[in-house]
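First the structure, in the form of structure tokens, and then the observations on it.
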Amino acid sequence: MFPTSTQKTNWIFKDELDLNALREDANQKFITRFGSHMSPEDRNTFFLDANEEHIIQKCHEYILRDFCHKFQPTMPKYVFATALNYLKRFYLYNSVMDYHPKEIMVTCLFLACKVDEFNVSLAQFVANIKGNQSRATTVILNNELFLMEQIKYNLKVHHPFKAIEGFLLDIKTRTRMSDPDRMRTHIDSFIDKLLFTDACLLFAPSQLALAAVLHSASQIKENLDSYVTDLLLGDTGSEHLKDLIEVVRRIRILHVRIADDHTKELSRISKKLDKCRNQENNPFSEKYKDRIQESLNNSL
Amino acid sequence: MEELACVRCMSSKFRNPNLVFSFNVCGHTMCANCIEVAFMKGSGPCPKCLIPLRRNGFKLQQFEDASVDVEVETRKRILQDFNKTEDDFESLDDYNDYLIEIEDIIYNLVRNINVVETKERIDQYKRENKEIIMRNRMKSKREEQALDDLIEEEKMHTQYKRDEVLRDEAEQRTKKLRVDSELIDSLARSNSDARDIVNTYTHKKEEIPVPKPKPISKPINFTKFSTGVKFNQSSIAISIKEGPLFKYEPVSHQLNGPSCPDITQLDSLGYMKYIRRESSQELAGGFLIKTSCLHYVQECVSALYERKTGKV
């Protein structure tokens with residue numbers, strides 16, 4: 001149940017300003033930690049800013065989608081959605097420069113597989129990764145607990161998929177609309193797009209589902225306004241109508257705004273990231289090996 | 001020393017080596033045949049000392065002198081009650097006095113000295129130390145149980161080891177057989193030199209690894225339940241805590257959204273029309289599609305009025 005979930009208490013924010021403030025904060029923390037010896041101008045050129053970080057994160061979300069598409073055995077959509085949610089949550093409080101999204105991304109997906117009961121073994125999972133698989137194994141195992149800690153062990157994620165089924169069922173039962181299943185393709189594409197926005201950090205899954213249903217109804221030239229006002233909300237809920245309209249409007253804005261394409265900037269930012277990332281967390285660097293060695297020695 | 005003989009028929013081991021002797025509380029020996037005849041009714045007097053005896057009181061004689069057997073029996077019986085240990089006494093002297101008392105009692109009983117008085121002593125002791133006797137009996141029982149368990153475990157362990165070795169040997173044998181049959185196959189079909197083929201296969205056969213004695217892991221021991229209670233442990237009274245009775249309160253959900261139909265209303269409102277029926281396998285598992293249907297409907301109204309106003 002969403003109303004009693006950790007998702008609602010910890011991971012739903014008021015608006016995008018809140019989210020941006022958190023990201024800015026994480027970015028600044030990293031820069032002050034590693035750039036204390038630099039002049040402000042150098043810092044700006046050397047480190048990524050919050051916006052660039054966000055672009056990197058966005059691009060990795062699409063990489064994750066492609067990875068999930070090719071994944072064998074075929075992966076249900078909600079597993080991907082959960083992983084994406086973890087990724088978003090993680091980078092609210094952490095900088096891309098500190099932990100490379102490539103590593104966090106696979107860890108998120110592996111954790112999501114477990115949480116959403118999509119049963120794959122680690123070996124099976126890693127078999128889908130091109131490149132060094134044994135290294136991927138260590139990366140996933142090293143990061144998994146850390147990731148869970150960062151998302152406060154709030155593992156259950158509620159998605160709009162179930163609510164959409166609920167709405168379709170409700171519409172079939174209570175209205176005379178002919179074949180509501182016609183909306184499905186539109187709903188799916190709407191929700192698919194929304195996954196890549198911050199919508200899941202701002203709105204309840206039922207609200208997202210409602211927005212998707214209303215949007216697709218307008219796409220097939222049907223009107224569900226009377227369904228919402230008369231049947232869904234009824235007499236008792238009429239006071240909430242204004243809020244609900246506002247919420248749906250905001251979700252549709254999010255949906256429209258998604259079109260930005262960052263592929264051009266990506267290569268430039270990636271190069272920059274390779275230089276400025278925290279080498280202690282880069283499994284290829286000498287610093288990383290030193291750190292691991294040191295912690296091993298300490299533990300002995 | 002006089003020869004061990006039956007007090008009734010006077011036959012002895014010397015005359016009849018197959019004779020089986022038994023004795024009773026009075027310490028007089030009788031052969032199995034005479035017991036059969038004299039105690040046909042189940043009880044009767046001892047032919048020698050005329051003490052009334054019971055038939056089922058006869059025990060197989062293990063020592064040449066029946067009086068030793070009597071003493072052993074008596075000792076066993078007495079020690080069942082006089083089972084205090086050193087821990088039950090404050091000082092070593094007390095304990096020693098207690099041991100001496102036991103010996104006195106046993107001596108008296110065996111030699112028929114002051115039997116009545118001694119029996120009174122025993123009864124008095126039993127009355128006075130009822131609790132301690134019971135407790136120590138339980139304790140020794142448990143110790144015996146633990147010993148039995150240990151023996152059982154050892155047995156299983158050796159069994160497991162033996163099985164392991166046998167399995168390894170069988171494996172080895174099948175491997176060798178397979179190599180042999182391969183050799184015959186290739187001899188029959190291949191065109192190359194027969195000697196070469198034989199050579200390669202002898203190498204192959206040598207290469208079969210001799211099974212190394214593996215570090216033997218302990219076999220899973222099924223003498224306990226998962227709770228740690230042993231299978232055949234005498235039931236120890238479980239203390240039941242009396243608390244307030246559990247009272248079921250139906251769960252209520254704060255949906256924070258429009259009202260939503262109850263699970264009982266789903267049918268009448270027509271929701272179930274659009275949902276598949278559960279299969280018979282699902283029904284057997286206790287799955288009701290109604291519950292899922294309710295979840296879907298709840299999911300779409302829950303938190304619909306959600307509005308975050310403050311910062312987290």
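All chains are named by letter (A, B, ...) in the order of the sequence lines, taking the proteins before the strands, and each is independently numbered beginning at 1.
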Taking every non-hydrogen atom, the tightest pair across B:Cys293 and A:Leu169: SG-CD2, 3.6 Å
Quick one, B:Glu299 with A:His158, criterion side chain to side chain contact (heavy atoms under 4.5 Å, CB included). Give me CA distance, side-chain angles, the key distance, then yes/no. CA-CA 9 Å; B:Glu299 194 82 23; A:His158 295 264; 3.9 Å; yes
Search all heavy atoms of A:Gln207 against all heavy atoms of B:Glu306 and return the closest pair with its distance. NE2-O, 2.8 Å
Approximate separation, where rounding is to 0.5 Å, of A:Phe2 CZ and B:Leu304 CG: 11.0 Å
Provide the closest heavy-atom pair for A:Ala204 versus B:Ala303 in the form atom of the first, atom of the second, distance. CB-O, 3.6 Å
Residue part contacting chain A, namely of B:Leu269, when any heavy atom lies under 4.5 Å: backbone
In the structure I gave you, are the side-chain heavy atoms of A:Leu210 and B:Cys300 within less than 4.5 Å of one another anywhere? no
Select, from A:Ser206, A:Gly234, A:Ala209, the one with the greatest count of heavy-atom pairs under 4.5 Å involving chain B. A:Ser206
Would you say that more than 12 heavy atoms from the other residues, nucleotides or ligands in this model lie under 6.0 Å from the CG of B:Asp185, or not? yes
Does atom NZ (A:Lys193) have a neighbourhood of more than 12 heavy atoms from anything else shown, all under 6.0 Å? no
Looking at NZ of A:Lys162 and OG of B:Ser302, how far apart are the two atoms once the value is rounded to the nearest 0.5 Å? 10.5 Å
Can you tell me how far the NZ atom of A:Lys8 sits from the CG atom of B:Asn256, to the nearest 0.5 Å? 5.5 Å
Taking it one step at a time, do B:Tyr271 and A:Asp170 satisfy side chain to side chain donor-acceptor pair (under 3.5 Å)? CA-CA 7 Å; B:Tyr271 283 93; A:Asp170 203 31; 2.4 Å; yes
Are there more than 12 heavy atoms of other residues, nucleotides or ligands under 6.0 Å from atom NZ of A:Lys77? yes
Rounded to the nearest 0.5 Å, how far does OH of B:Tyr305 lie from CG of A:Leu244? 8.0 Å
Is the CD atom of A:Glu239 crowded by more than 12 outside heavy atoms at less than 6.0 Å? yes
